[in-house]
There are 2 protein chains.
Amino acid sequence: MSKRRKASIEDVARRAKVSITTVSRVINRVPTVSRKNQVKVEEAIAALKYTPDVNAQRLARGLSNAVGLVMPGYPGIFHSFYAIELIRGVGHACETLRLDMVFHITNGYNPLSTAGVGGIIFADIIENRSQIEAAVEAGVSCMVINNIVDDLDVSYIGVDNIAGGRVATDYLVSLGHTKVAIITGNIRAQAGAQRLEGFKQTLKEKEVAVRPEYIVEGDYSRRSARLAAEQLLELPEPPTAIFAASDDMALEAMTVIMERGLRVPDDISVVGFDDNPSSIYGPVALTTIRQPLFQMAESAVRNLNAIVLGKKKPPIRNILSPQLVVRESCARPPIQ
Amino acid sequence: MSKRRKASIEDVARRAKVSITTVSRVINRVPTVSRKNQVKVEEAIAALKYTPDVNAQRLARGLSNAVGLVMPGYPGIFHSFYAIELIRGVGHACETLRLDMVFHITNGYNPLSTAGVGGIIFADIIENRSQIEAAVEAGVSCMVINNIVDDLDVSYIGVDNIAGGRVATDYLVSLGHTKVAIITGNIRAQAGAQRLEGFKQTLKEKEVAVRPEYIVEGDYSRRSARLAAEQLLELPEPPTAIFAASDDMALEAMTVIMERGLRVPDDISVVGFDDNPSSIYGPVALTTIRQPLFQMAESAVRNLNAIVLGKKKPPIRNILSPQLVVRESCARPPIQ
DNA sequence: TTAGTTTTTGAAAGGGTTTTCCTCGTCGAG
DNA sequence: CTCGACGAGGAAAACCCTTTCAAAAACTAA
């Protein structure tokens, strides 16, 4: 348990009897090193258990090979499929690109340290404009997921949430439903607000009444969905169809419905949002709106990386169309 | 949109007409700076929108002010309450300690870059010994959560999972149950295996038969719990009590039970593990074993930080007792 | 052998901070 | 007045690497 300091590139060079430069070349796989020196250096590295100092590398290269991910930390949201898929996607892309992901869970008010990252991804579930602005101001490249920010010089990738809301609602209406309700996501965040917007638009266009009591706010948590579903079912005239802004919420709504002795889809149709693979199982497979969260996150990292490396010019803006996935949780409304 | 390079400490010094040293002192709040210079420097910093280069700071200080968090990426596990609470806890502690959290989602086989972090936290849901060994080998301090590793020079904090399994099982048995089943977590990971171990131990001690068909493996996902619960209920002689190794699984098991027209706790008792706040809601509040995930994660960060700073000597080993939280999902078994 | 190429190599100049060690004043005590 | 102490500020070394540029070495062809 000697207090020896970590070996540096110089120690390796000395031991291998070559220059520091040569060692650096071996580390970075520059091909112009003779076989003989290559071996000597590798041996020295192994013997000294040398690993390059990442901070020194970053400093010397002027590049950080790290990307920031900032995400709000409110438990209800953080525990959602949505959030986790995004994290997974970013993590996966970072792994294949050999990038470090520095993950910042923010509570909105605290300052963001741009912490030497090449770029920052905002998984902007809740609005956190000021942080994005600060990052732009500080000159770091930004990429925001599932949130359209046109007035700032940032890139984004996301799904068309208005379209998503429309597709879901349109499907329900086309089945003949006129009493259709929505359990929204957090409506202070763009995604939640826009899905609701799509819902309203479609209802209006199809000349179906949009009743305020059919609009109840959730926060993507199962608990909020339970409360919302109960509220909906206790209405004097309960809806015959419910569009929930996430699969988890849809699943919970289904559970509540069945607890009351009603059937899905016979009595009430349910459509979700996400296409969470686990919503295929359960008593009835969930019809939903698919958004490729994992791929969006991966793509965000790739594009951001390309921007940082100067291979692409920002802003890159990419908005995808969500798709209806029909399974078993929707049917025509029951005849009165 | 000029291509100007980020301002450096030297630019600030020049503009404020002081030395680099003085600027550094202001940045680091060293008190020996005169009021006058202090102000000049602060003005220059503001004017130049200067922020210190984190990598240079880390290099010069020889300290990284970043902690690594490595966690397995298998979707079933990653989406669990368990994993997310741990992430939240680490994130929160990092935020208050002003540390960067570099989050590495591993698939087990890929090498871990120790990436210039001061220490690494292993949320060791699945065994990843080799990575821990590599980190120890590389000389970085390690802290593992919810996993006892006594043969390596690492610290850990966690709950006594055997005790947890015992408490749950004991409670069920004490209510009079003799047909008690378990839906395990991933049994290749220590937590899962130990909860099962506690279950078996208690049954043996209380002289209750441990029947192999009452032990079914889950992976913490709701889906696996559904499969497991169905399997259990279709047994010729179904259990009258089920211990699930996570609240999510317990909740799903409850749903399956109720879908079949059975009641909780009248027909079947259910106990979970975690004390996920959302399991209070639902048709019946869940009795569970509480483990303070968030606090454990926070504590892991604090202790690791203390070790890195040399304020504490490793290994720090802390194992907590999980506690039974009685709510409404358990009762005496039905009379035949 | 020689001149001309090509492949390998190394010295040294950064890269942006922190930190150690001085110096230069100023002030109070004697 | 002088000496010592103290407060404030700066020069330069250190941190560990990458990269540029030029030189050395090894070939190749004539």
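Sequence lines set the chain letters: A, B, ... in the order given, protein chains first and strands last, and positions in each chain run from 1. Computed over heavy atoms, backbone and side chain alike; hydrogens, waters and symmetry mates excluded.
Between the side chains of A:N147 and A:R129, no donor-acceptor pair is found at a separation under 3.5 Å.
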Dot-bracket summary - DNA chain C, pairs being Watson-Crick or G-U whose distances fall under 3.5 Å, with | when paired to another strand: ||||||||||||||||||||||||||||||

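At the phosphate of C:dG15, neither OP1 nor OP2 sits under 4.0 Å from any side-chain N or O atom of B:N55. Contact between the side-chain N/O atoms of B:N37 and the OP1/OP2 oxygens of D:dG9 is found at a separation under 4.0 Å.
Across every non-hydrogen atom of A:A44 and A:A16, the tightest pair is CB-CB, 3.9 Å. In terms of heavy atoms, A:A47 sits closest to A:R15 at CB-NH1, 3.5 Å. Contact detail for B:I132 and B:C142: the closest heavy-atom pair is O-SG, 4.4 Å.
Between the side chain of A:S155 and the backbone N or O of A:P315 there is no donor-acceptor pair closer than 3.5 Å.
Between B:S34 and A:Y50, the residue anchored closer to the 5' end of DNA chain D is B:S34, taking for each the nucleotide with the nearest heavy atom.
Within residues 12-25 of chain A, the residues having any heavy atom closer than 4.0 Å to DNA chain C are, in order of number, A:V18, A:S19, A:T21, A:T22, A:R25.
Residue pairs that meet the salt bridge (Lys or Arg N to Asp or Glu O under 4.0 Å) test with at least one member in residues 62-82 of chain B, sequence neighbours left out, do not exist here.
Distance CG (B:D53) to P (C:dT18): 10 Å, rounded to an integer number of Å.
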